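Working notes for the structure below.
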Amino acid sequence: MLPILLLVLKVPQDPLLQGTLLIIFMANPVPATSTDVTNVELAYQNECLSLLKGCQDSHVMLSYNVMFAYLSSDRTHKANAAENKNRSKRKRCEVWGENPKQNDWRRVDDWPVGMKNIGNTCWFSAVIQSLFQLPEFRRLVLSYSLPQSMLENCRSRSEKRNIAFMQELQCLFALMLGTHRKFVDPTASLELLKGAFKSADEQQQDVSEVTHKLLDWLEDAFQLSVNVNSPRDKSENPMVQLFYGTFLTEGVHEGKTFSKIETFGQYPLQVNGYRNLNECLEGAMVEGEIEPLSSDQSVKYGQERWFTKLPPVLTFELSRFEFNQSLGQPEKIHNKLEFPQIIYMDRYLYSSKEIIQKKREETRKLRKQIAILQQKLERYMKYGSGPSRFPLPDMLQYVLEFASTKLPLVVPSAQDSQMTPAQSPAESCGLNEPLQQNSTENTEGAASTLINPPSQEELMSKLPQPSCLPAEMPECPAPRVVTEEEMSLVRTCLQRWRSEIEQDIQDLKDCITRINQSIGQMYGDPVLRQVPYRLHAVLVHEGQANAGHYWAYIYYQPRKSWLKYNDISVTESSWEELERDSYGGLRNASAYCLMYINDKLSHFVAETGQFQKEVELLPPELQNYIQEDNWRLEQEVEEWEQEQSCKIPQIEPSATSESQDFTSESGQGCEHSIRSLSSEHARIAKDQTAQAIANTADAYEKNGVEAALCEAFHEEYSRLYLLAKETPTPHNDPRLQHVLVYFLRNNAPKQVVERTLLEQFADRNLSYDERSISIMQVARAKLKEIGPDDVNMEEYKKWHEDYSLFRKVSVYLLTGLELYQNRKYQEALTYLVYAYQSNTTLLMKGPNRGVDESLIALYRRKCLLKLNDMAAALFVSSAEADVLEGINILNELIIPCMHLIINNDISKDDLDAIEVMRNRWCSYLGQEDMDANLQTKLGELLPRLLDCSAEVIILKEPPKIRPNSPYDLCSRFAAVMESIHGAAPVTVK
């Protein structure tokens, strides 16, 4: 803005022109929190005010009044005004996630608040939430202050920036303590942090780099307060005291010993090649083998690290990214890495050096023993001299099975041993050789047979003749000739050998297990369990190296449970869910940072109601800041309610009342709405009811209306009862035929069933003839006799609502399947998604309340994969119209559907499909042949594709389709269910 000011001062003395230019400058004032405000610029602002004051133009005078009021206010007012300005520019859907329920805007009691993702900033939420939930760190930030003299003498730009960041962080923490909102907006803090990088529009920065930058700023800011009393003494810096420790490195290099002490904050650990956190630490603390190079050399190489001081908050940075030299790009390591809730750090402390070195030496010896045993075991499990090797016990078992196999042929007599012209080809091949013969050579013992083998001529005589055909060979391999003595000896030897081998294998495995247990218990000595660190937070990354989503699991002391902080969402979780998302190995999600706290420090334990206590201890300006934000929330709620009251409700025209809302404002209104829905179900079944009435002609003529109604009632009940007992088939669902079949299959109360059936006969649409009208009138009279004490009308209403929803789900499922078969995947997905969501509500009440969930999920998944392929193909086509269409498919269908799937209980098949879709888009990152503009668009798409919590998805119901009769619906169901197993699309009219 400086050039504009210079231009203002150089223009001729034209008040209007000067005023216009000044308005441009004054309309863009320097933010109150910016560190770029200089004395020169402030002087120019004062000059602007004086020039504006001298201008006679009314518009310029108005600008002067506004600008003067703005500049003369204090800094708190500026911050509030800036916040209001930003808030006024935000769309409501951005603030509230398109959630129309105002109750979902508000925080519940002291439940922790979420944090808004303002674009690739989920990492900030994960880091800040983890720090905020440390009571000691929260106290340090909220109590931060500097003397006025230091603020006035602060000249360095970096110092001003750090102070400004600390002030914004104070405001953010204050809101997180006392706001009435469900989530807070960190825009002001993030804008300062983003300024440290080249471009705020770049893709997600490396989290480690940004986190280090954030902690460096905080450390520098606290150092300013330390410098007041102890200049340049970093040991007094609270950030150093809280997060930093020291370690000693000792070793030998090129024959020379060395030793040095270093400071660490986030301790880096390699993941590749390790199974758990303790193995990672062992690998980091001991590098190289400290052994002689040869027998005649005493030079040793290697080094050991020992922690000399551990910080109260111990942070491990897990290195899950490596650079692939062949591909020329980074890759994520998805290996599984386990970590405990409590880790004892004694084994890594310098004070435990002597005992730990002995235990490490013992461990090395035990591991060498395991290596030798593993080699022996491998010789048993991979036996043989060729390229294909198999477990030896299995090979012996196979030989025994071969020897025991008998040919399923009739044993010929001894005189038939010679070939005759009438013999069959099988006989000529020797397939019908007797298993036992009375010849002399076969009556000897098995031992003599082995010692005196048959002659060459005898062996040749038993070989198949050239006339033998392959088709006439036995179905399975079997010995041609074997005596009982031979079989007994072979069986005895093989079984004994197999038992011996199996025992050897088991002994080896048991020995390996015992040694592993000894290694596992090596550090279980109580002496080495004096420094416990409890897991406080796990920061998780999901995605690939180039893009992904971040969230955090944080232990919540007041509830003694784990909470999942996923941007604006904060939900209760469990250790099992944390393991699934954080260990890695199963999907693209894994922990990249672990935060432990010293379990013996009591001031790190949060108490119930602590947030409110801390709010009361805040400085007055922060308390006012919270009150003003809560007041603005009330104003926004009031504005929203006024907007809603001015809207005309959109009611879909419909002949039925399936979508009608039920109210309980009055008994009459409730009764009317219930009867409307049950009457609709009676109308749907009117053809079946009319047939039941027609079958009572004799009873009506002989005994009158009452008897006819009674007979029709019982006959129809019996028919529907038997129908409900039928076993459903893939092509037939009896529940679609009648509401009472649905009720009976789900064990509805008897009063609900009887009243519903009575309403069937009281339907006004049954006015076919005199008999139907008479029965209808009697049924209506009996219906009026049923009082509220006889039937629970609220329960009655819910049963009919469920059946209405069941029919709707069925119709949407059938419609979605038909559209899928006709390759209309976009329309099909809308119906299938709604069918699945509504069906889930039904299945929560019982397994027979809804339709087959796996069928909907299967075709929903197929639609998603088809659409993802379509969108990807359009995107990479580079044609502008096709790219736009592909992005629209992704934004409007694929991403919302993926979010709905992931935010519910997700199956392995769905999870695999989502990983396939995500990997398809991630594979385009960094492709050299892809246009730079497409890469930019891809960078904008991926955060939404990988982040499942940045927005709240509102499911829009597809166009309503209602069948005319249950017969139409049943026939359509049968046709569609039959057609999904074939190739031809089916259209049901």
Side-chain angles (χ1 to χ4, degrees), residues 103 654 656-686 688-689 692 706 709-710 712-725 733-766 775-810 837-851 962 966:
N103 289 334
S654 171
T656 67
S657 57
E658 290 194 20
S659 60
Q660 182 173 351
D661 292 332
F662 294 93
T663 61
S664 56
E665 294 177 356
S666 65
Q668 184 178 358
C670 180
E671 181 77 13
H672 174 73
S673 61
I674 295 172
R675 287 183 179 178
S676 297
L677 194 55
S678 58
S679 297
E680 172 62 21
H681 294 154
R683 186 193 64 79
I684 293 173
K686 68 176 182 178
Q688 300 175 62
T689 310
E706 291 272 358
L709 174 60
C710 184
F713 186 94
H714 289 289
E715 289 294 331
E716 183 66 357
Y717 182 90
S718 300
R719 182 185 74 85
L720 295 173
Y721 181 82
L722 294 175
L723 191 60
K725 292 299 179 182
D733 190 343
R735 296 173 299 173
L736 295 173
Q737 297 187 30
H738 201 285
V739 61
L740 285 181
V741 176
Y742 181 85
F743 286 0
L744 292 169
R745 282 192 64 83
N746 288 286
N747 300 316
K750 180 180 178 182
Q751 295 85 349
V752 172
V753 173
E754 291 178 348
R755 180 186 173 95
T756 300
L757 185 55
L758 188 59
E759 279 204 55
Q760 311 285 313
F761 292 99
D763 183 19
R764 295 184 183 276
N765 295 298
L766 296 173
I775 290 177
M776 176 196 70
Q777 291 174 344
V778 173
R780 293 183 72 83
K782 290 184 176 295
L783 199 60
K784 291 180 180 179
E785 295 175 1
I786 300 176
D789 296 335
D790 300 321
V791 179
N792 185 332
M793 296 307 292
E794 187 65 27
E795 184 180 38
Y796 186 77
K797 176 190 73 172
K798 290 180 179 178
W799 276 100
H800 281 276
E801 286 175 344
D802 285 352
Y803 185 66
S804 176
L805 185 58
F806 168 74
R807 281 174 56 85
K808 185 184 293 186
V809 168
S810 301
Q837 296 298 119
S838 301
N839 192 56
T840 302
T841 304
L842 289 173
L843 292 179
M844 291 174 65
K845 300 180 180 180
N848 293 321
R849 292 291 186 103
V851 301
R962 293 190 175 88

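Keep in mind it's a predicted model, so treat the numbers as computed, not measured.
Every residue two or more places apart in sequence or in another chain that forms a salt bridge (Lys or Arg N to Asp or Glu O under 4.0 Å) with Lys782 is listed here: Glu706. Residues passing the salt bridge (Lys or Arg N to Asp or Glu O under 4.0 Å) test with Glu795: none are found, sequence neighbours excluded. Partners of Asp733 under the salt bridge (Lys or Arg N to Asp or Glu O under 4.0 Å) rule, at least two apart in sequence or in another chain, are Arg735.
Nearest heavy-atom pair, Leu723 versus Pro734, reported as atom, atom and distance to 0.1 Å: O-CB, 3.8 Å. Nearest heavy-atom pair across Glu716 and Ala692 is OE1-CB, 3.7 Å. Annotation for Glu785 and Asp790: closest pair O-OD2, 4.0 Å, computed over non-hydrogen atoms. Ser810 and Leu736 get closest at one heavy-atom pair: OG-CD2, 3.5 Å. Taking every heavy atom of both residues into account, Val809 and Ser838 meet most closely at CG2-CB, 3.6 Å.
Checking each of Tyr803, Trp799, Phe806 against His681 for a ring pair (Phe, Tyr, Trp, His ring centres under 6.0 Å) leaves exactly one that passes, namely Tyr803.
Side-chain contact between Leu783 and Phe761 is absent, with no heavy atoms from C-beta onward closer than 4.5 Å. Between His738 and Gln688, some side-chain heavy-atom pair lies under the 4.5 Å cut-off. Contact of the Asn792 side chain with the Gln751 side chain is not registered, since no non-hydrogen atoms from C-beta on lie closer than 4.5 Å. The shortest side-chain heavy-atom distance between Val753 and Leu720 does not fall under the 4.5 Å cut-off. At a threshold of 4.5 Å between non-hydrogen side-chain atoms, the residues Leu805 and Arg849 do not count as touching. Within the 4.5 Å cutoff, the side chain of Leu757 has heavy atoms near those of the Leu740 side chain. Between Ile786 and Glu754 the shortest side-chain heavy-atom distance does not fall below 4.5 Å.
From Thr756, atom OG1 reaches atom OH of Tyr742 across 12.5 Å, with rounding to the nearest 0.5 Å. Rounding to the nearest 0.5 Å gives a distance of 13.5 Å between NZ of Lys798 and CE of Met793. Considering CG of Asn848 and CG of Leu744, their distance stands at 12.0 Å, rounded to 0.5 Å. We find the CG-CD distance between Asn839 and Gln837 to be 10.0 Å, quoted to the nearest 0.5 Å. Separating the CD atom in Gln760 from the CD1 atom in Ile684 is a distance of 9.5 Å, to the nearest 0.5 Å. In this structure, CG on Asp763 lies 8.5 Å from CE on Met776, to the nearest 0.5 angstrom.
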May I have the step-by-step check of ring-ring contact (aromatic ring centres under 6.0 Å, His included) for Phe743 and His800, ending in yes or no? CA-CA 9 Å; Phe743 286 0; His800 281 276; 5.2 Å; yes

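With respect to Arg683 and Glu680, a salt bridge is recorded, a charged nitrogen being found less than 4.0 Å from a carboxylate O. A salt bridge is absent between Arg719 and Glu715: the closest approach of a Lys/Arg side-chain nitrogen to an acidic carboxylate oxygen does not fall below 4.0 angstrom.
In the displayed structure, Lys725 atom NZ is contacted under 6.0 Å by at most 12 heavy atoms of other residues, nucleotides or ligands.
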